[in-house]
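Read the structure below first, then the notes.
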Amino acid sequence: MRWWDIDPVLLMERELFPEDAWSRGMFWSELAHARGPGASRRYVVAETDGRVVGYAGLVTSGEQADVQTIAVARDHWGTGLGARLLTELLRAATAFECTEVLLECRVDNTRAQRLYERFGFEPIGFRRGYYQPGNVDALVMRLTDPSTSLPGTERGTDNHA
């Protein structure tokens with residue numbers, strides 16, 4: 001993801017997450033940490049015919065990574081794009097030498113939960129009222145050793161979202 005992707009990403013963000021969409025400033029802040037020798041973030045976009053149809057981001061700190069966001073345009077649901085974006089984030093976590101990846105997922109987003117489970121993420125707890133202003137709980141999930149969930153590894157397969 002680059003700065004010129006922020007506007008189309010914001011359109012998707014507001015459509016898919018109307019109650020708790022990220023702001024332009026949040027994306028700019030994340031991208032500011034995604035380049036250079038001290039980079040601690042990896043943000044990617046997926047495009048079809050010049051249109052952004054998905055995006056995802058990861059932040060790292062030491063040996064731990066956190067999936068910050070994964071979004072797929074509704075007209076691309078069921079195409080495997082979510083799995084490809086997650087695979088890219090896990091590759092980044094492995095490149096950053098992270099041994100653990102965490103994420104929060106809305107408790108009512110069972111579609112995303114199934115994707116994460118296919119990659120080996122396990123539920124470890126809840127964050128009450130995490131998503132505001134809707135006061136929706138988050139399911140916290142963890143994956144140990146992200147390199148084992150990549151395609152071509154024992155657990156990793158070419159999953160489809």
Side-chain angles (χ1 to χ4, degrees), residues 1-35 39-60 64-96 98 100-121 123 130-132 134 136 138-143 146-153 155-161:
M1 183 185 297
R2 303 301 290 262
W3 66 267
W4 54 81
D5 294 314
I6 291 177
D7 284 343
V9 163
L10 280 173
L11 290 174
M12 277 187 59
E13 179 80 4
R14 291 175 185 142
E15 177 189 335
L16 295 171
F17 312 111
E19 287 188 358
D20 48 14
W22 283 22
S23 68
R24 179 182 311 279
M26 291 170 78
F27 281 107
W28 272 104
S29 177
E30 290 297 292
L31 290 182
H33 298 284
R35 299 274 185 264
S40 60
R41 313 285 199 278
R42 175 77 170 130
Y43 278 78
V44 296
V45 294
E47 294 182 342
T48 298
D49 298 324
R51 175 181 155 234
V52 172
V53 294
Y55 57 92
L58 176 92
V59 62
T60 64
Q64 188 176 71
D66 287 281
V67 173
Q68 298 294 292
T69 187
I70 295 182
V72 173
R74 282 187 172 87
D75 63 338
H76 281 71
W77 286 4
T79 65
L81 180 55
R84 289 191 298 277
L85 289 167
L86 182 55
T87 296
E88 180 59 31
L89 295 184
L90 296 178
R91 281 192 179 114
T94 300
F96 279 116
C98 295
E100 176 178 70
V101 180
L102 296 170
L103 61 82
E104 289 89 13
C105 181
R106 288 175 64 106
V107 293
D108 57 359
N109 191 347
T110 56
R111 179 181 189 83
Q113 290 170 34
R114 286 192 306 269
L115 170 66
Y116 301 138
E117 288 169 354
R118 285 198 311 266
F119 275 76
F121 282 85
Y130 183 79
Y131 293 99
Q132 295 296 327
V136 177
L139 175 64
V140 181
M141 301 181 82
R142 177 179 58 204
L143 173 67
S147 66
T148 64
S149 291
L150 295 172
T153 61
R155 183 182 331 160
T157 60
D158 192 5
N159 296 306
H160 295 284

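No experiment lies behind these values; they were computed from the predicted model shown.
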Please list, one pair per line, the donor and acceptor atoms closer than 3.5 Å that link side chains of residues 45-54 to other protein atoms, with sequence neighbours excluded.
from: R51; atom 1: NH1; to: D75; atom 2: OD2; distance (Å): 3.0
from: R51; atom 1: NH2; to: D75; atom 2: OD1; distance (Å): 3.0
from: R51; atom 1: NH2; to: D75; atom 2: OD2; distance (Å): 3.4

Got Y55 and D5 here, is their nearest side-chain heavy-atom distance under 4.5 Å?
no

Does any part of the side chain of I6, heavy atoms only, come nearer than 4.5 Å to the side chain of L31, both counted from C-beta? yes

Interatomic distance, CG@D7 vs CZ@F27, rounded to 0.5 Å, equals 11.0 Å

Going by heavy atoms in the side chains, are R91 and R42 under 4.5 Å from each other? no

| message | Any side-chain to backbone donor/acceptor pair from T87 onto A83? Under 3.5 Å, distance only. | response | yes

Find out whether R142 and Q64 are in side-chain contact, i.e. whether some heavy atom of one side chain is under 4.5 Å from a heavy atom of the other.
no

Find out whether Y131 and D108 are in side-chain contact, i.e. whether some heavy atom of one side chain is under 4.5 Å from a heavy atom of the other. no

(Q) I'd like to know if the side chain of S40 reaches the main chain of V59, judged simply by a donor and an acceptor atom lying under 3.5 Å from each other, with no hydrogens or angles considered. (A) no

Output for pair (F17 CZ, R106 CZ), nearest 0.5 Å, gives 9.0 Å

Note: A138 and V107 closest approach over all heavy atoms is C-CG1, 4.0 Å

Q. With a 4.5 Å limit on heavy-atom distance, are the side chains of M12 and V72 in contact?
A. no

Distance col, row T60:OG1 vs L89:CG, nearest 0.5 angstrom, shows 11.5 Å

Here the side chain to side chain donor-acceptor pair (under 3.5 Å) pairs for residues 65-74, sequence neighbours left out, are E15-R74

Between the CZ atom in R41 and the CD atom in E30, the distance rounded to the nearest 0.5 Å is 4.5 Å

Heavy-atom closest pair (A65 atom, L58 atom, distance to 0.1 Å) is CB-CD1, 3.7 Å

On a heavy-atom basis, the closest approach of A93 and V101 is CB-CG2, 3.8 Å

Sorted by chain and residue number, the ring pair (Phe, Tyr, Trp, His ring centres under 6.0 Å) partners of Y43 (sequence neighbours excluded) come out as none

Output for pair (E19 CD, Q132 CD), nearest 0.5 Å, gives 9.5 Å

Closest non-hydrogen atoms of V67 and I70, given as atom of the first, atom of the second and distance, are CG1-CG1, 4.0 Å

*List the steps, then state whether side chain to side chain contact (heavy atoms under 4.5 Å, CB included) holds for Y116 with L86.*
CA-CA 8 Å; Y116 301 138; L86 182 55; 3.8 Å; yes

Minimal heavy-atom distance between A71 and L16, with the atoms involved, is CB-CD1, 3.8 Å

On a heavy-atom basis, the closest approach of Q113 and C105 is CG-SG, 3.7 Å

